[in-house]
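First the structure, in the form of structure tokens, and then the observations on it.
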Amino acid sequence: MAKVKTKWVCQNCGYESAKYIGKCPDCGSWGTLTEEVEVKQTNQKQNIITDDSPVCLIKEIEIKESIKFSTGFEELDRVLGNGLVQGSLVLLAGDPGIGKSTLILQTAGNICKKGKKLLYVCAEESSSQVKLRAQRLNVNSDNLYVYSQTNLESVITQLETIKPEILVIDSIQSIYTSNITSSSGSVSQIRECTNTLMDIAKNKNITVIIIGHVTKDGNIAGPKVLEHMVDTVIYFEGDKYKSQRLLRSIKNRFGSTNEIGVFNMAENGLEEVTNPSELFMKERTDNAVPGSVIIATNEGTRALLVEVQALVGATSYPSPRRVSTGTEFNRLLQIIAVLEKRIGLNLSKHDVYVNVTGGIEIDEPAADLGIALAIATCYRDVVVDTNCVIIGEISLSGEIRNVSNLEKRIYEAQKLGFKKAIIPKQNKKLQGNYDIQIIEVARLMDAISACVSKK
Ligand code: TYD
Ligand code: MG
């Protein structure tokens with residue numbers, strides 16, 4: 001009998017070694033290498049999409065138009081780049097219990113209503129559990145097939161008989177292929193199954209949606225390689241104890257990765273939030289609070305209003321604490337440095353905490369001025385007017401720099417009833433007609449005097 005060869009694979013990053021090592025040399029995590037049976041290279045399908053076309057000049061290549069179809073959710077379509085692409089492989093990742101199965105089942109209902117055939121493989125639940133959820137979500141269609149199965153080969157056999165246009169695998173961690181002996185959820189299994197699913201998507205022109213769980217440290221359980229293999233990676237995020245959910249694409253071969261989608265988890269499933277600014281503003285109090293500022297950020301094609309809060313207090317640590325949630329840490333340090341040097345705030349003995357409400361991650365510099373004003377007002381115990389929106393990037397010299405999509409941001413503020421917008425000084429007159437007072441500021445100092453008042 002031929003000797004079964006094994007290898008040691010890091011379950012965190014997919015690093016392979018011939019012998020056991022305590023610490024993975026690639027990702028640095030300890031105790032993550034487990035022994036797995038080696039897969040013969042000849043068995044492995046290559047993850048290369050070829051159509052046996054000859055070498056040709058770029059100008060001679062004919063573009064095959066990718067066919068997109070709607071998921072029935074505008075928010076999801078936007079994140080996917082105007083809908084699902086026929087024959088693509090999409091990975092939807094998120095914490096357990098965040099609502100991935102709910103989102104996909106509702107999406108499946110929407111798609112099937114339009115006459116497309118869909119096979120939903122529930123590897124984690126029984127068919128009756130799925131039926132119960134579907135009843136609650138009011139999903140019922142003649143085109144929606146449910147298959148409770150963990151073996152990939154059995155699923156492939158069903159593909160031949162049912163011939164669906166869309167295949168959903170819930171989840172990639174609980175499905176296995178008989179080609180290899182490692183247990184389901186292991187790196188080799190996940191990799192092999194995804195490879196096979198990629199093959200199905202490309203060769204049979206079936207759109208495949210894979211659901212994947214993320215680990216405690218926020219990575220998709222299994223190797224990072226999974227992200228490289230698929231066409232689109234979407235994260236479904238949110239606080240489990242709150243109803244708001246965010247969809248964010250981190251890789252998309254068919255669209256931009258800047259877009260976000262907002263949902264609300266309700267009694268009967270997920271509801272789209274078409275105007276997220278309203279939702280983010282809902283929890284605000286009417287009274288002005290020191291350290292609270294509204295900024296207009298840009299997420300993909302739309303502007304969003306979010307609240308930035310700062311807390312500044314005397315430190316009891318040897319070196320003061322700087323904590324940022326929802327903003328970039330280094331950006332915060334830079335803003336603090338500018339406030340110290342240009343405005344004369346002495347923050348060296350103060351802790352500074354900055355928080356963006358609503359679970360949004362802001363990584364664009366247009367939030368600088370808002371963050372700076374939040375810190376400055378909390379430090380001086382004054383307030384920014386509640387009907388005022390702050391927009392602007394800060395340079396190291398304390399000047400306010402222009403930002404992209406300024407008009408869209410101002411319109412969003414106007415739509416939500418704000419009365420005043422602090423914006424960077426413009427060289428040209430703004431095009432639009434606004435119903436909102438616009439104050440152009442050139443320096444950080446001017447912004448403070450334009451919108452700050454005593455409590
Ligand atoms: P689920 O889709 O099972 O999560 P995942 O597949 O990501 O593990 O969602 C589970 C949670 O969603 C559960 O805590 C209950 C909640 N939920 C609702 O609030 N309303 C609903 O209509 C449904 C179906 C679920
Ligand atoms: Mg689930």
Side-chain angles (χ1 to χ4, degrees), residues 71-73 75-76 79-80 84 89-113 118-141 144-152 155 166-176 184-185 189-190 193-194 197 208-222 226-227 230 232-250 260-273 279 282 358-359:
T71 60
F73 281 128
E75 295 292 300
L76 179 55
V79 175
L80 287 166
L84 273 169
L89 183 62
V90 178
L91 170 66
L92 173 70
D95 287 327
I98 204 74
K100 300 181 294 299
S101 305
T102 310
L103 176 69
I104 291 303
L105 197 55
Q106 280 182 271
T107 307
N110 294 345
I111 294 174
C112 290
K113 248 191 236 162
L118 186 145
L119 175 62
Y120 184 100
V121 178
C122 45
E124 290 179 353
E125 292 160 308
S126 67
S127 308
S128 50
Q129 275 174 308
V130 174
K131 171 76 183 171
L132 272 178
R133 183 184 287 136
Q135 262 178 347
R136 191 167 156 193
L137 301 171
N138 212 1
V139 171
N140 203 0
S141 169
L144 175 54
Y145 294 83
V146 177
Y147 189 29
S148 181
Q149 179 59 262
T150 51
N151 181 252
L152 190 58
V155 173
I166 301 118
L167 169 70
V168 173
I169 304 288
D170 187 359
S171 67
I172 191 71
Q173 278 90 16
S174 34
I175 205 140
Y176 75 95
S184 51
Q189 276 291 357
I190 291 178
C193 289
T194 311
L197 290 167
V208 183
I209 304 173
I210 303 175
I211 293 180
H213 296 297
V214 296
T215 53
K216 270 189 236 107
D217 48 359
N219 291 323
I220 297 169
L226 193 57
E227 288 187 12
V230 301
T232 307
V233 183
I234 301 174
Y235 271 81
F236 202 35
E237 310 167 332
D239 190 339
K240 237 195 261 182
Y241 305 102
K242 284 195 178 165
S243 61
Q244 186 190 313
R245 301 281 184 274
L246 284 185
L247 260 187
R248 188 189 298 280
S249 112
I250 60 155
I260 61 161
V262 187
F263 287 87
N264 200 27
M265 180 65 96
E267 271 291 292
N268 296 319
L270 291 156
E271 292 164 355
E272 290 183 274
V273 179
L279 182 81
K282 220 166 53 186

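Counting starts at 1 for both ligands and their atoms, in listed order. Note that the coordinates shown come from a computational prediction; the quantities given were computed from them, not determined experimentally.
Within the 4.0 Å heavy-atom cutoff, Glu124 does not count among the residues contacting ligand 1. At least one heavy atom of Gly269 sits under 4.0 Å from some atom of ligand 1. By the 4.0 Å heavy-atom criterion, Leu270 is excluded from the residues contacting ligand 1.
Considering only non-hydrogen protein atoms, atom 14 (O) of ligand 1 sits nearest to Gly97 O, 4.1 Å. Taking atom 21 (C) of ligand 1 as the reference point, the nearest protein heavy-atom neighbour is Arg136 NH2, 3.3 Å. If you check which protein heavy atom lies closest to atom 3 (O) of ligand 1, you get Arg133 NH2, 2.8 Å. Nearest to atom 20 (N) of ligand 1 among the protein's heavy atoms is Ala266 O, 2.9 Å. Of the protein's non-hydrogen atoms, Gly99 N, 3.1 Å is the one closest to atom 4 (O) of ligand 1. For atom 19 (O) of ligand 1, the nearest protein heavy atom (residue, atom name, distance) is Met265 CG, 3.3 Å.
Although no hydrogens or angles enter the test, the distance criterion places a donor-acceptor pair under 3.5 Å between the side chain of Arg245 and the main chain of Ile98.
Heavy atoms of Asn268 found under 4.0 angstrom from ligand 1 belong exclusively to the backbone.
For the side chain to side chain donor-acceptor pair (under 3.5 Å) test, residues two or more places apart in sequence or in another chain that qualify with Ser126 are Ser128, Gln129. Partners of Val262 by side-chain contact (heavy atoms from CB on, under 4.5 Å), not counting sequence neighbours, listed by chain and number: Glu75, Gln244, Leu246, Ile260, Val273, Pro276, Leu279, Arg302. Listed by chain and residue number, Phe73 satisfy the ring-ring contact (aromatic ring centres under 6.0 Å, His included) test with Phe263 (two or more places apart in sequence, or in another chain).
Around the Mg ion (ligand 2), the protein atoms of type N, O or S found under 2.8 Å away are Ser101 OG, listed by chain and number.
Remark: atom 10 (C) of ligand 1 lies closer than 4.0 Å to at least one protein heavy atom.
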